[in-house]
Amino acid sequence: MIVVLAKDISPHDAEMVRLYLKDRGFTVRDQAFGDAALLGAAGKGQMDIRELSLLPGVERVAATSKPYELASRETRSEDSIVSIGPVKIGGARISVIAGPCAVESREQIAETAAMVRESGAVMLRGGAYKPRTSPYAFQGLGMKGLEYMKAAAELYNMPIVTEVVSPELAEKMKELTDMFQIGARNMQNFELLKKVGSLGKPVLLKRGPSATIEEWLLSAEYLLASGTRDVVLCERGIRTFETYTRNTLDISAIPVVKALSHLPVIVDPSHAVGIRDKVAPAALAAIAAGADGLTIEVHPNPDAALSDGPQSLYPAQFESLMRDIEALSPVVGKELLRTPNIDVSASAGRASAVVSEKIAFSGESGAFAEQALIRAFGEEAARLQTDSFNAVFDAVLDGSAAFGVIPLENSLVGSVHENYDLLIRYPDIAISGEIKLRIVHCLIANKDATLDSIKIVRSHPQGFAQCRDFLAGHPDWQLETWSNTASAVMSIAQEAGKDAILSVAAIASESAAKAWCLKTLKTGVETDPRNYTRFVIIARRQGDGVRIPPSMGQQTPDKASLVFSVKDEPGSLYRCLKILSEEGINLSKLESRPILGQPWNYMFYVDVSIPESGDVFEKALAKFKAQAGNFNFLGRYRASL
Ligand code: PEP
Ligand code: MN
């Protein structure tokens, strides 16, 4: 067992912790690891770990059956999320790091930073000190290279990650880098691990070319035991008998490590395969296998690269890969996180100013809308739970929430009409972002219930509709409608003591089952696995504009939503839509809703794409406004793939 003590623990409190352990039959050993104060306790003593972790000055207690304790999932069941300035790795996001193998010049690194950022990379990579197999190969520009990289990062607001090859250099580099990389060749350089861990900065730990998963996790343990809390693991291929590729990408290591450890795992497909045209398939496989992100070599001119040119992507290839990753991520329940719109140098203050504002959603903990909210605003976002969509609009209007997250349509059952109607009833509110979430429904019940004991199923009507085929197989089940899927789950948790509860189940998300500590009887009960809900982020209008969620601020809007009515006469709708057609504007959705108090008159909603070229859209919009009645511009935002 390892007891991590707070850095500022008083000698008295430290002694109390030692006595507590000794009194309970443990032998205690002080373990100095860099700046970190640790106690190792061995023996067959008996004690309550929770009580120990509550003692003053105790930061964390790790007691596991594994030799790596701080890195083990047994000591921390939730996924760790590592922050590098405003960038996060882990959780429900995919974070992509990109850049050249080595920094070659001020211009090269700046040019690469601009390109990879434009495609959505959140961090810049690049080696200033290169551990090369041959002593005659380019060894990197050293501190000068790091300075060039820092300058590029500041220009483009991206944190940087760079390899550190010796304890002495770690000290010199610490002010300039945001994250240290421990290269594959140095994974078991224990003095380097201890030094880098003691500096407290985030660390990207590559897997050694011949390291087992356990050795890799023990190296992570060195870093964690030395003081840093922020370690990201990176699978980069291992050495096998296969020589076609540079290394063999160990895809299975991803789910294995995710089960053994709470640390985020990313993949470096570039060094794994070593061949440019194999990088994208390997990258997509890594995301599909559960990786939290990627680090990819991209060079503005790979043919002239001083190192690893053959495996470096051309910027256009990287751009195309990023679009594929964006489309794939929702399938594994994640979202590609693009560059946050935050100034890195002022990150701490500005980032927390954003997350301290509330974001409203309708439902209980574990609601799908909450998952969409986390995708858009991060796990720390302060949430305002409401019990209706109406209340979400009210909260955004009166300022008790900065943003709201509401569902607009589902790919299996169609539109959420109530929210289309609310968008008209609240003209001061506009759409400022979009999130598409894959919806996997589960049948959730009390831990002692079985499929045979179920007689009643609770959910939101959308939940029932999306699971129609599964429910049709159980015609004797009685369906009870609840205001949202997560509140149906909550009701079971709250009635836990009652005998009748064994006959009740709910249809909702796995997260709701976890949030309310209930059992999942069956996963994936939706009629088709391609089940997605499109959520929009709403905000109060400010003049002509509207606030954009920070994670979406860098992206040029490419979609707009409009609502309008037309005269009750032949060709009136056609004349409006013709304008879009003539201007080459693609219409992605058309929906009509009855107008309150005007039977058989309709409001039409359209979603259109905004062409890249200049003022085409503005011109079309002006013509459209002149033609349509009751025109309202609902918002301009970035489409979620
Ligand atoms: C690198 O990422 O630049 C690198 C040298 O990778 P690895 O340590 O995985 O070989
Ligand atoms: Mn390289």
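Note that ligands are numbered from 1 as they come in the structure, with each ligand's atoms numbered from 1 the same way. These numbers come from the heavy atoms of this one structure, side chains and all, not from hydrogens, waters or symmetry mates.
Distances from ligand 1 to the non-hydrogen atoms of R125 include at least one value under 4.0 Å.
Using the six-membered ring where Trp is involved, F403 and F377 have ring planes that are tilted, between 30° and 60° apart.
Ion pairing between a basic and an acidic side chain is recognised when a charged N comes within 4.0 Å of a carboxylate O; E379 and R93 show such pairing. Look at R547 and E357 and you find a salt bridge, because one of the NZ, NE, NH1 or NH2 atoms lies within 4.0 Å of a carboxylate O, short of that distance. Taking the charged nitrogens against the carboxylate oxygens, K130 and E163 have no contact shorter than 4.0 Å, which rules out a salt bridge.
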- Might you work through the salt bridge (Lys or Arg N to Asp or Glu O under 4.0 Å) test for R246 and D308, ending with a clear yes or no? CA-CA 11 Å; R246 182 172 176 181; D308 285 348; 3.1 Å; yes
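At the Mn ion (ligand 2), the vertex angle linking SG of C101 with OD2 of D308 is 100° (nearest 10 degrees). Seen from the Mn ion (ligand 2), atom NE2 of H271 and atom OE2 of E297 lie 90° apart in angle, a value rounded to 10°.
What sits closest to atom 4 (C) of ligand 1 on the protein, heavy atoms only, is H271 NE2, 3.4 Å. Atom 6 (O) of ligand 1 has its closest protein heavy atom at K206 NZ, 2.8 Å. Here the protein heavy atom with the shortest distance to atom 10 (O) of ligand 1 is R236 NH2, 2.7 Å.
Each of the atoms 5 (C) of ligand 1 lies under 4.0 Å from some heavy atom of E163. Within ligand 1, counting atoms from 1 as listed, the ones closer than 4.0 Å to a heavy atom of R185 are 7 (P), 8 (O), 10 (O). Under a 4.0 Å criterion applied to the non-hydrogen atoms of G183, ligand 1 contributes the atoms 8 (O). Per-residue contacts place A184 under 4.0 angstrom from the following atoms of ligand 1 (heavy atoms of the residue considered): 7 (P), 8 (O), 9 (O).
Within the 3.5 Å criterion, the main-chain N or O of H271 finds a donor-acceptor partner in the side chain of D268. The backbone N or O of A114 sits nowhere less than 3.5 Å from a side-chain atom of E118 that would complete a donor-acceptor pair.
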